[in-house]
Each structure stands twice: as C-alpha cells, then as structure tokens.
Amino acid sequence: MKRQDPIAPALSLSAFLRALRERQSPAEFGLATGPRRRTPGLRREEVAQLCGLSATWYTWIEQGRDVSVSASTLARLARGLRLSRAERSYLFEVAGKRDPERPDSRDDPPEDVLACVDAIDGPAYILDRSWGARRWNAKASRLFAGWLDADGEKNLLRYIFLRPEARTLILDWTSRVHRVVAEFRAAVTGYSDDPEIRRLVDELRIASSDFAQCWETQGVLAREGGERAFDHPTMGLLHYQQVSLSLAGWPDYRLTMLLATPAMRER
C-alpha cells in the first residue's frame with residue numbers, strides 16, 4: 001500500500017513562503033528588474049531585507065528546516081511581503097501560531113453588509129467581538145424587549161444577566177445561560193488581552209453571581225444553532241431554529257438568525 005505524504009493535504013510553511021516570494025513583483029517593492037534577474041519574483045535575500053530578517057534565517061525557514069518560527073517573525077514576514085488579510089491568516093494557520101495583531105479585526109463591516117439583516121424573514125442581529133449588537137432588524141427589536149427595542153446598552157451578555165426581562169423571555173434561562181457563557185469564552189479565547197472584553201467579564205462577575213458561577217466552570221462550547229424558545233409578553237410562546245454565521249471578511253462579527261419552525265409558520 002502506498003503511504004500518504006503527511007504534508008500533502010496542505011501547504012507547508014516553507015512551500016507557502018516560496019510560492020509567495022516567487023509571485024511578488026520586484027518593481028512593486030522598488031527593486032530593480034532586468035535581464036540579470038533569473039529568479040522569478042523576489043530573491044531570498046530581498047525578502048529577508050524587506051522583512052528585517054537575516055538571509056540565512058529566512059533561507060532556513062523557506063527550506064523547511066527544523067527551526068522554531070516565532071509569531072513576531074511571521075508578523076514581520078506578513079508586513080514585509082504586504083500580505084492580504086487572507087494570506088496573513090493562512091500564514092499563521094499553516095505555521096500553527098496565533099497572530100498577535102489580528103490585522104483589521106476592529107474594522108467595521110460596510111453598511112451594505114450590516115444591512116443584510118433587513119432581508120431576513122425572521123429576527124436577526126449582528127454581534128461584534130464583545131457581543132455587542134451592531135445591527136438588527138425590526139422583528140428582532142420586537143422579540144428582544146429590553147435589549148433591542150430601546151436606546152442604551154446593547155451587549156447581549158449584559159442583557160441576559162442584568163435585565164429582568166431576559167429571565168422571563170428566554171425559556172429554561174438557567175440552562176441556556178451556562179451554554180451562552182461557554183460559547184462566549186470559546187469565541188473570545190484569542191482576545192484574552194482585549195481591555196474591552198476584560199472589563200466586560202470583570203463587570204459581569206461582580207454584578208451577576210449567575211455569570212460568575214457560569215464563568216468559573218471554565219466551559220467551552222462552539223456557538224451553534226438549534227431550537228430556541230421564548231415566552232414573549234405579548235406574542236406568547238415562540239419557537240425558532242437559530243442559525244449563527246461569521247461574516248466573510250469580518251470574522252469578529254457574527255450574524256444570528258432566528259428562523260420560524262414549521263409550527264410557527266402555521267400560526
């Protein structure tokens with residue numbers, strides 16, 4: 001039986017860097033081009049100079065030698081080679097490192113992207129990195145009394161744990177909040193040093209014993225869909241199927257849609 005190459009399913013770091021280097025245009029970096037340039041794209045020593053690395057060290061990395069490549073070195077490569085956001089993300093992914101800078105993670109999606117919630121036939125909202133609502137449609141505003149129907153605080157966790165309306169609206173509130181906190185922990189694990197998120201967690205641990213208890217359990221869960229039930233003060237018992245998606249190009253923003261179940265559509 002033929003053995004499968006363990007590197008075959010994905011590019012190694014060395015192969016990716018070599019491909020990046022060879023497709024760069026020297027002229028775009030202010031480097032001379034001419035008949036004596038036999039190497040496609042940039043030379044290794046040119047990449048090293050652009051990225052503030054020694055030529056020997058860069059050569060070892062591109063050759064795939066058994067060397068430890070730090071996150072700061074990867075960041076230098078990303079800046080020096082002017083990588084796109086997708087290329088930078090892939091560079092860190094293939095190297096098995098966490099990007100310390102998370103480029104453009106604070107950029108807001110454009111207005112036409114946020115406005116997608118208005119095209120959804122059901123309550124829908126978009127949360128940012130710290131789970132603050134950035135856009136929602138009219139059906140979401142009617143459903144979430146005390147959160148999306150008035151001016152003021154729009155953070156989902158503050159609503160769930162600090163507003164009395166949430167305890168009566170969300171069916172089986174006690175079990176749901178344990179999952180919500182576990183999902184939040186998983187979502188922000190890459191932003192442990194973010195001051196806004198740290199303030200939010202510290203505030204909620206003091207203001208809500210329920211949040212503190214949930215947080216201390218160290219639960220970690222992916223944010224997934226499933227059935228969601230609400231006991232609305234005017235609309236009565238409501239059942240939805242929740243779908244949650246990251247926005248392409250803005251991974252810190254998630255679109256949540258509550259789609260009517262068959263029983264709801266028949267009402």
Side-chain angles (χ1 to χ4, degrees), residues 105-188 191-215 223 225 228-240 242-247 250-259:
S105 60
R106 288 293 190 182
D107 286 358
D108 290 337
E111 179 65 23
D112 56 345
V113 172
L114 293 174
C116 71
V117 296
D118 296 323
I120 298 170
D121 186 21
Y125 54 87
I126 294 174
L127 299 180
D128 60 19
R129 174 194 297 184
S130 58
W131 285 23
R134 302 302 296 271
R135 185 62 65 87
W136 54 92
N137 62 14
K139 289 186 177 181
S141 182
R142 289 195 294 270
L143 174 61
F144 291 102
W147 179 36
L148 300 179
D149 65 337
D151 295 334
E153 175 58 50
K154 291 296 182 286
N155 184 272
L156 177 58
L157 290 175
R158 289 193 180 102
Y159 167 70
I160 290 175
F161 285 97
L162 303 182
R163 297 286 300 194
E165 299 96 326
R167 292 177 180 266
T168 56
L169 175 67
I170 301 171
L171 284 187
D172 199 11
W173 182 91
T174 302
S175 63
R176 285 299 310 153
V177 295
H178 278 275
R179 182 173 186 90
V180 167
V181 173
E183 291 172 346
F184 180 73
R185 181 186 287 277
V188 302
Y191 306 108
S192 58
D193 294 330
D194 186 299
E196 182 178 347
I197 290 174
R198 293 182 67 176
R199 282 196 300 271
L200 174 64
V201 171
D202 290 343
E203 172 197 329
L204 288 172
R205 291 176 70 182
I206 294 172
S208 170
S209 59
D210 291 302
F211 178 86
Q213 181 181 4
C214 293
W215 188 257
R223 187 163 171 78
R228 302 290 184 267
F230 303 90
D231 186 7
H232 195 271
T234 60
M235 293 186 286
L237 189 60
L238 305 172
H239 290 270
Y240 295 99
Q242 179 176 296
V243 177
S244 185
L245 306 169
S246 291
L247 298 184
W250 294 271
D252 289 341
Y253 288 77
R254 290 190 68 84
L255 166 66
T256 296
M257 299 173 284
L258 294 171
L259 308 178

- Does the Asn137 side chain pair with the main chain of Gly122, one donor and one acceptor, at a distance under 3.5 Å? yes
One should read off an interatomic distance between Glu196 CD and Asn155 CG, to the nearest 0.5 angstrom, of 8.5 Å
Between the CZ atom in Arg129 and the CG atom in Asp194, the distance rounded to the nearest 0.5 Å is 5.0 Å
Measure the shortest side-chain to side-chain distance between Leu162 and Leu204 over non-hydrogen atoms and say whether it is less than 4.5 angstrom. yes
query: So, do Val177 and Phe211 sit near enough that their side-chain heavy atoms are less than 4.5 Å apart?
result: no
Nearest heavy-atom approach of Ile120 to Cys116 is CG1-O, 3.6 Å
Here the gap from Leu143 atom CG to Tyr240 atom OH, rounded to the nearest 0.5 Å, amounts to 5.0 Å
Trp136 and Leu148 have their tightest heavy-atom pair at NE1-O, 3.3 Å
Do Thr168 and Asp231 touch side chain to side chain, with heavy atoms closer than 4.5 Å?
no
- Query: Where do Glu165 and Asp149 land on the side chain to side chain contact (heavy atoms under 4.5 Å, CB included) test, with the steps shown first?
  - Reply: CA-CA 12 Å; Glu165 299 96 326; Asp149 65 337; over 6 Å; no
The single option from Arg254, Arg135, Arg134, Lys154 that satisfies salt bridge (Lys or Arg N to Asp or Glu O under 4.0 Å) with Asp128 is Arg134
Begin from the C-alpha positions of His232 and Arg142 and carry the test side chain to side chain contact (heavy atoms under 4.5 Å, CB included) through to its verdict.
-> CA-CA 9 Å; His232 195 271; Arg142 289 195 294 270; 5.5 Å; no
* Hey, is CG on Asp121 packed in by over 12 heavy atoms from elsewhere, all under 6.0 Å? -> no
Correct closest heavy-atom pair for Leu114 and Pro109 would be CD1-O, 3.8 Å
Examine distances only and state if a side-chain atom of Thr256 and a backbone atom of Tyr125 form a donor-acceptor pair shorter than 3.5 Å.
no
Here the pair of heavy atoms bringing Leu255 nearest to Ala124 is CD1-CB, 4.4 Å
Minimal heavy-atom distance between Trp173 and Ala166, with the atoms involved, is CD1-O, 3.6 Å
Residues Arg176 and Leu171: closest non-hydrogen pair is CG-O, 3.7 Å
Taken to the nearest 0.5 Å, the spacing of Ile197 CD1 from Arg185 CZ works out to 12.5 Å
Check your understanding: What's the verdict on side chain to side chain contact (heavy atoms under 4.5 Å, CB included) for Leu169 and Trp147, showing C-alpha distance, side-chain angles and the deciding distance?
Key -> CA-CA 11 Å; Leu169 175 67; Trp147 179 36; over 6 Å; no
d(Phe144 CZ, Arg163 CZ) to nearest 0.5 Å is 14.0 Å
Problem set entry | Working for side chain to side chain contact (heavy atoms under 4.5 Å, CB included), residues Arg228 and Ile170 | CA-CA 8 Å; Arg228 302 290 184 267; Ile170 301 171; over 6 Å; no
d(Ser209 OG, Phe161 CZ) to nearest 0.5 Å is 10.0 Å
*Do the side chains of Phe184 and Ile160 get nearer than 4.5 Å, heavy atoms only?*
no
Next on the checklist: Is the distance from the ring center of Trp250 to that of Tyr253 below 6.0 Å?
Outcome noted: no
